[in-house]
Amino acid sequence: MKAMLFEKVGQPLRLADIPLPQPGPGQVLLRVHACAVCRTDLHIIDGELSQPRLPLVLGHEIVGTVVQAGADAFPIGQRVGVPWLGWTDGTCRYCQRGQENLCPDAKFTGYTLDGGYAEYTIADQRYCFPLPDGYPDLQAAPLLCAGLIGYRTYRLAGPNAERLGIYGFGAAAHIIAQVAIHQGRQVYAFTKPGDREAQQFALSLGAAWAGGSDELPPAELDAALIFAPVGALIPAALRATAPGGVVVSGGIHMSDIPSFPYSLLWEERIVRSVANLTRQDGEEFLALAPQVPVHTSVIPYPLEGANEALQALRQGALQGAAVLQIVSR
Ligand SMILES: [Zn+2]
Ligand SMILES: [Zn+2]
């Protein structure tokens with residue numbers, strides 16, 4: 001099969017012909033139709049996440065159909081989504097208490113397991129999600145990380161966050177803004193200073209206000225979500241957040257956080273991160289998305305265009321999510 005292979009930090013992915021993977025017990029073989037491109041993929045390529053399997057097929061927002069499966073698995077032809085969380089041990093203290101996202105033995109799609117920048121992939125069926133029917137393959141793909149981990153980030157803002165700030169208005173933000181507005185919250189969108197296009201995009205989705213991350217919003221925030229990998233946004237978001245509010249960082253990697261005065265944290269403000277996802281997050285979000293309904297803006301690229309898609313993401317040139325559209329032979 002054709003795959004875009006990651007072989008070495010700092011090198012572009014290479015189009016390669018590799019053997020078709022063989023599903024083991026409990027796994028399904030999927031024909032990949034679409035795989036969205038995530039900032040985490042850039043962190044892997046740049047060596048900021050240092051434990052990848054090598055060579056590696058990146059991609060953890062996979063939409064595919066089952067072409068081979070064992071007994072009591074999904075039926076052949078079933079469309080499923082494969083997210084970042086690919087496997088957990090089910091026995092550690094985190095798994096036992098409903099925090100499988102923190103399992104120390106967890107395996108991750110497109111990082112420690114091969115992912116979806118390929119014509120086919122294998123996945124543990126227990127970690128795959130059936131997808132809502134209303135979403136074509138390309139539009140469904142960004143739901144699987146931008147949507148899902150975005151949703152976990154949003155959920156950790158708590159039920160009382162009426163005024164919700166979102167820093168970094170990319171793939172996750174454009175999905176979560178729609179969910180938040182649907183649930184009656186006001187969204188304040190923060191982009192790179194001067195990025196009028198992204199601010200316009202946020203306003204077009206119903207944001208109450210959009211401005212640069214160096215600006216203060218017209219009202220204090222109850223919570224702020226950070227989707228850009230920029231540590232300086234933590235003190236910036238704290239500065240914009242009301243007493244008792246929470247700042248949630250949704251990314252897996254961020255540049256160092258500059259020191260800041262304690263007064264920004266005082267008055268019971270909270271800073272926390274989000275790691276990975278649980279299957280429950282996935283089930284909840286995929287049930288919620290069609291009710292909103294969440295519309296995903298996608299920019300399609302062919303499989304061979306993965307390097308161009310990654311480059312566009314790196315440059316912040318996308319209004320929505322880049323998605324590889326994969327047509328297998
Ligand atoms: Zn991701
Ligand atoms: Zn575990």
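Order of appearance sets the numbers: ligands from 1, and atoms from 1 within every ligand.
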Practice item. Name whichever N, O or S atom of H60 ends up nearest to the Zn ion (ligand 1). Key: NE2
Review point. Protein N, O or S atoms less than 2.8 Å from the Zn ion (ligand 2), ignoring waters?
Key: D89 OD1, C92 SG, C95 SG, C103 SG
Review point. Can we say D137 and R79 salt-bridge, meaning some charged N sits less than 4.0 Å from an Asp/Glu carboxylate O?
Key: yes
**Study point:** Among I326, L56, N307, V57, the one residue meeting side-chain contact (heavy atoms from CB on, under 4.5 Å) with M4
**Key:** N307
Check your understanding: Centroid-to-centroid, W209 to F190, below 6.0 Å?
Key -> yes
Check your understanding: Do E304 and K2 touch side chain to side chain, with heavy atoms closer than 4.5 Å?
Key -> yes
Point to revise | Pair R314 + D46: basic N to acidic O under 4.0 Å | key: yes
Review point. Between D41 and Y117, does any side-chain donor sit less than 3.5 Å from a side-chain acceptor?
Key: yes
**Study point:** Apex the Zn ion (ligand 1); atoms C38 SG and C145 SG; angle rounded to 10 degrees
**Key:** 130°
**Study point:** Cation-pi check, R279 onto Y127 ring (under 6.0 Å, within 45° of axis)
**Key:** yes
